[in-house]
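As structure tokens, the structure follows; a few thoughts come after it.
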Amino acid sequence: MLYTTRAPESDFGGSVSGTFGSFGQKETQIVVNVPISSKIWTRADFSYGESDGYLKNIYYDPATGTRNTTPGMGYRKIAGRFAVKYQGNEGFSLVLRGDFTSEHDTGVSYHDIGYFVGTVASLGRPSICNIPGTCNSFIDMLGHVVAPYYSNVAAGTINTNPQSYNSSLASLAREANDFWTIDQAVSNRDIDHFHTISAVVDQNFDAAKIRLVTGYRWFDTQGVSASRGNPYDTAQYNYFNPDYKSVTSELNATGKLLQDRLNWTAGIFFFHESVEAHDILVIHARSEEHT
């Protein structure tokens with residue numbers, strides 16, 4: 001797939017578009033093309049979009065009264081693209097571009113179904129015990145004591161102790177609502193910033209065409225991936241890539257010989273990238289850093 005952004009043009013013009021939808025969706029795009037002279041043209045593109053997310057968060061902790069109503073799969077995006085083109089004489093042209101984007105997402109969310117009583121033993125225990133917090137109380141990363149789902153695992157009696165975080169009742173509440181719900185104490189999040197500057201130089205001759213394409217790209221991304229759909233915070237994966245850089249350059253030439261019966265092409269390509277990444281895995285009250 002070849003994706004090429006629209007280059008500046010010699011005529012003045014522009015456009016405005018907008019989109020509104022459910023779940024708080026709002027998007028707008030503004031484009032303007034302005035010629036500076038007969039040989040220099042400019043183009044600017046601005047866009048913004050947001051959505052609250054379509055996964056309703058029903059998390060509620062009766063032990064502390066805290067709630068998390070942040071929906072899953074929401075986003076906030078803002079981007080700007082700017083370009084300048086110089087159209088010279090004798091087949092020469094130069095296009096300079098700059099792209100800048102910022103994106104904040106609530107991240108991928110999960111729908112955890114914990115309301116079931118295991119019927120197959122695992123290591124001599126009911127299989128329900130393989131779900132964290134179902135058979136042995138523990139303290140999650142928020143400092144809350146998580147009690148078992150059931151007061152009697154064998155009988156399947158629901159534990160009404162507030163320390164159970166209403167886990168089983170929350171599962172029932174999902175069924176009462178619909179599938180598109182989550183029950184997360186800590187919302188996932190992802191924050192990205194992307195930047196690119198590039199140049200395209202074309203020189204056309206009678207017998208050949210020469211093109212130079214070069215670009216410099218840098219970005220940073222960070223976020224938190226919390227427990228997968230659990231109503232308690234048992235583990236978090238924090239990631240932070242603060243310094244990614246890449247340089248790409250390509251010089252190629254194309255032409256025809258033997259009365260246009262032979263097409264030829266030649267070129268060289270250069271690519272270099274560097275990245276510094278920090279991943280922090282947090283489980284319960286312990287943190288480990290890997291670089």
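Excluded from the calculations below are hydrogen atoms, water molecules and symmetry mates; all remaining heavy atoms, backbone and side chain alike, are included. Residue indices begin at 1 and follow the sequence shown. Because the structure is predicted, anything quoted here is derived from the model rather than measured.
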Side chains of [X] and [Y]: closer than 4.5 Å at any heavy-atom pair?
X: Thr248; Y: Phe269; answer: yes
X: Lys85; Y: Trp41; answer: yes
X: Lys77; Y: Tyr75; answer: yes
X: Lys39; Y: Asn89; answer: yes
X: Phe194; Y: Trp218; answer: no
X: Val186; Y: Leu142; answer: yes
X: Asp190; Y: Thr221; answer: yes
X: Glu103; Y: Ile191; answer: no

Does the side chain of [X] come under 3.5 Å of the side chain of [Y] through a donor N or O and an acceptor N or O?
X: Gln29; Y: Asp45; result: yes
X: Asp61; Y: Thr64; result: yes
X: Asn57; Y: Thr70; result: no
X: Tyr60; Y: Asn68; result: no
X: Gln222; Y: Tyr239; result: no
X: Arg97; Y: Ser198; result: no

Flag, side chain of Asp140 to backbone of Asp233, donor-acceptor distance under 3.5 Å
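Present.
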Rounded distance [0.5 Å steps], [atom1] in [X] versus [atom2] in [Y]:
X: Leu262; Y: Lys256; atom1: CG; atom2: NZ; result: 10.5 Å
X: Asn204; Y: Ser93; atom1: CG; atom2: OG; result: 7.0 Å
X: Tyr232; Y: Tyr59; atom1: OH; atom2: OH; result: 11.5 Å
X: Arg189; Y: Thr106; atom1: CZ; atom2: OG1; result: 11.5 Å

Derivation of the side-chain hydrogen bond (donor to acceptor under 3.5 Å, both in side chains) call for Arg217 and Ser246
CA-CA 5 Å; Arg217 183 172 178 82; Ser246 67; 5.7 Å; no
NZ/NE/NH1/NH2 to OD/OE distance under 4.0 Å, Asp52 and Arg76
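So Asp52 pairs with Arg76 through a salt bridge.
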Qualifying residues under side-chain hydrogen bond (donor to acceptor under 3.5 Å, both in side chains), relative to Gln203, sequence neighbours excluded
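Scan of Gln203 (side-chain hydrogen bond (donor to acceptor under 3.5 Å, both in side chains), adjacent residues dropped) gives none.
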Those residues that, when tested against Asp243, pass side-chain hydrogen bond (donor to acceptor under 3.5 Å, both in side chains) (two or more places apart):
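Checked Asp243 against side-chain hydrogen bond (donor to acceptor under 3.5 Å, both in side chains); zero matches.
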Hey, is NZ on Lys26 packed in by over 12 heavy atoms from elsewhere, all under 6.0 Å?
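Counting neighbours around NZ of Lys26, more than 12 heavy atoms of other residues, nucleotides or ligands fall under 6.0 Å, so yes.
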List the steps, then state whether side-chain contact (heavy atoms from CB on, under 4.5 Å) holds for Ile78 with Phe100.
CA-CA 8 Å; Ile78 184 171; Phe100 308 94; over 6 Å; no
Stepwise side-chain hydrogen bond (donor to acceptor under 3.5 Å, both in side chains) check, Asn33 with Thr42:
CA-CA 6 Å; Asn33 189 96; Thr42 64; over 6 Å; no
Would you sort out whether Ile210 and Phe205 count as a side-chain contact (heavy atoms from CB on, under 4.5 Å), showing the intermediate values?
CA-CA 8 Å; Ile210 299 176; Phe205 299 100; 3.8 Å; yes
Could you go through Asp183 and Thr181, starting from their C-alpha distance and side-chain angles, then the distance that decides it, and tell me whether this counts as side-chain contact (heavy atoms from CB on, under 4.5 Å)?
CA-CA 7 Å; Asp183 187 18; Thr181 57; over 6 Å; no
